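Below: the structure, in structure tokens.
If you're wondering where the values come from, they're calculated on a predicted model, not measured in any experiment.
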Amino acid sequence: WVIPSVYCPSTSMSVVYSSAWVGIDGYSNGTVEQIGTETDCNYASLVHYAWYELYPKYPVRILLAVNPGDTINAEVRYMANNQYVMTISNQTTGVSYSTTQKAASAKRQSAEWIVEAPTSAGNPLPLANFGTVNFTNASATINGVSGSIANASWQHDSITMTGTDGTVKAIPSALDSTGQAFSDTWQHQ
């Protein structure tokens, strides 16, 4: 994905968030092994950073410079013995970060490509206007089978982000003809 240029609300008292990431799990269980980027508008100042998380543990910011317009490549790979290698590369700067973490309770039941507002105490935070984020070259390997999101070996679902009141916050597009790309477009804070 390309890190979006987030629109900051004109009011200096606004704090809004947007996060793009890839990961394993999270669809139907309480664990997620994920790595991605975040762009927040913190009282009219933009903040950009990269992070990883083995939810339900807290996210960890990583030392990888990221800015709007940078092209990001990310991967989460299960190795064995509850070990996950999480790698994120800033293709624009040529700098990468990788970490190996252990997640004993992870279920390894789904793969995800997400743009969302992070949550706090289980509630989604206000979603920053990220415009559109495009995911490309998306693929997964499950039980030795590799393929695109649309591979017939597994089910794939698109998820529209909604607020607790039902307000549509972000909408994913249909997959492209290769089954490896889609976009997610902001709708509402």
For V32, all residues meeting side-chain contact (heavy atoms from CB on, under 4.5 Å), sequence neighbours excluded: W21, Q34, Y55

Linking I/L/V/M/F/W/Y whenever their side-chain heavy atoms sit closer than 4.5 Å, directly or via other members, would [X] and [Y] fall into one cluster?
X   : Y    : result
I72 : W51  : no
I62 : I3   : yes
V6  : V47  : no
I24 : V60  : yes
M86 : F135 : yes

Verify side chain to side chain contact (heavy atoms under 4.5 Å, CB included) between T136 and D176, making sure each step is shown before the conclusion. CA-CA 9 Å; T136 59; D176 75 348; over 6 Å; no

Which atom of [X] lies closest to which atom of [Y], heavy atoms considered:
X    : Y    : value
P172 : D184 : N-OD1, 3.1 Å
T31  : A106 : OG1-CA, 3.7 Å
N29  : K107 : ND2-CB, 3.5 Å
P68  : S5   : CB-OG, 3.6 Å
T164 : P124 : CG2-CD, 4.4 Å
I88  : G36  : CD1-O, 3.6 Å

[X] side-chain N/O to [Y] backbone N/O, donor-acceptor pair under 3.5 Å:
X    : Y    : result
N42  : V15  : no
W154 : I149 : yes
N90  : A65  : yes
T71  : Q91  : no
N151 : S153 : yes

Rounded to the nearest 0.5 Å, what's the gap from [atom1] on [X] to [atom2] on [Y]? Could you check?
X    : Y    : atom1 : atom2 : answer
T167 : Q187 : OG1   : CD    : 11.5 Å
E116 : E38  : CD    : CD    : 9.0 Å
L64  : H48  : CG    : NE2   : 13.5 Å
M161 : I171 : CE    : CD1   : 12.5 Å
I35  : R77  : CD1   : CZ    : 13.5 Å
C41  : F130 : SG    : CZ    : 15.0 Å

Start with the C-alpha gap between Y7 and V16, add the side-chain angles, then the distance that decides, and say whether side chain to side chain contact (heavy atoms under 4.5 Å, CB included) holds. CA-CA 10 Å; Y7 168 77; V16 291; over 6 Å; no

Does the side chain of V95 reach to within under 4.5 Å of the side chain of S89, using non-hydrogen atoms? no

Using side-chain heavy atoms (C-beta onward) and a distance below 4.5 Å, is N73 in contact with N137? no

Identified side-chain hydrogen bond (donor to acceptor under 3.5 Å, both in side chains) counterpart of Y52 within the set E33, Q101, R61: Q101

So for atom NZ, which belongs to K169, do other residues, nucleotides or ligands contribute more than 12 heavy atoms lying within a distance under 6.0 Å? yes

Over 12 non-hydrogen atoms of neighbours within 6.0 angstrom of CG in D157: yes

Can you run down the ring pair (Phe, Tyr, Trp, His ring centres under 6.0 Å) pairs that involve residues 79-100, sequence neighbours left out, and say none if there aren't any? Y78-Y84

Quick one, L46 with D40, criterion side chain to side chain contact (heavy atoms under 4.5 Å, CB included). Give me CA distance, side-chain angles, the key distance, then yes/no. CA-CA 6 Å; L46 284 172; D40 302 334; over 6 Å; no

Shared-cluster residues of M79, by chain and number - hydrophobic side chains joined below 4.5 Å: V85

If you apply the rule side chain to side chain contact (heavy atoms under 4.5 Å, CB included), what do you find for W1 with V115, and how did you get there? CA-CA 10 Å; W1 67 89; V115 181; over 6 Å; no

Distance-only side-chain donor-acceptor flag, W186 / S18, under 3.5 Å: no

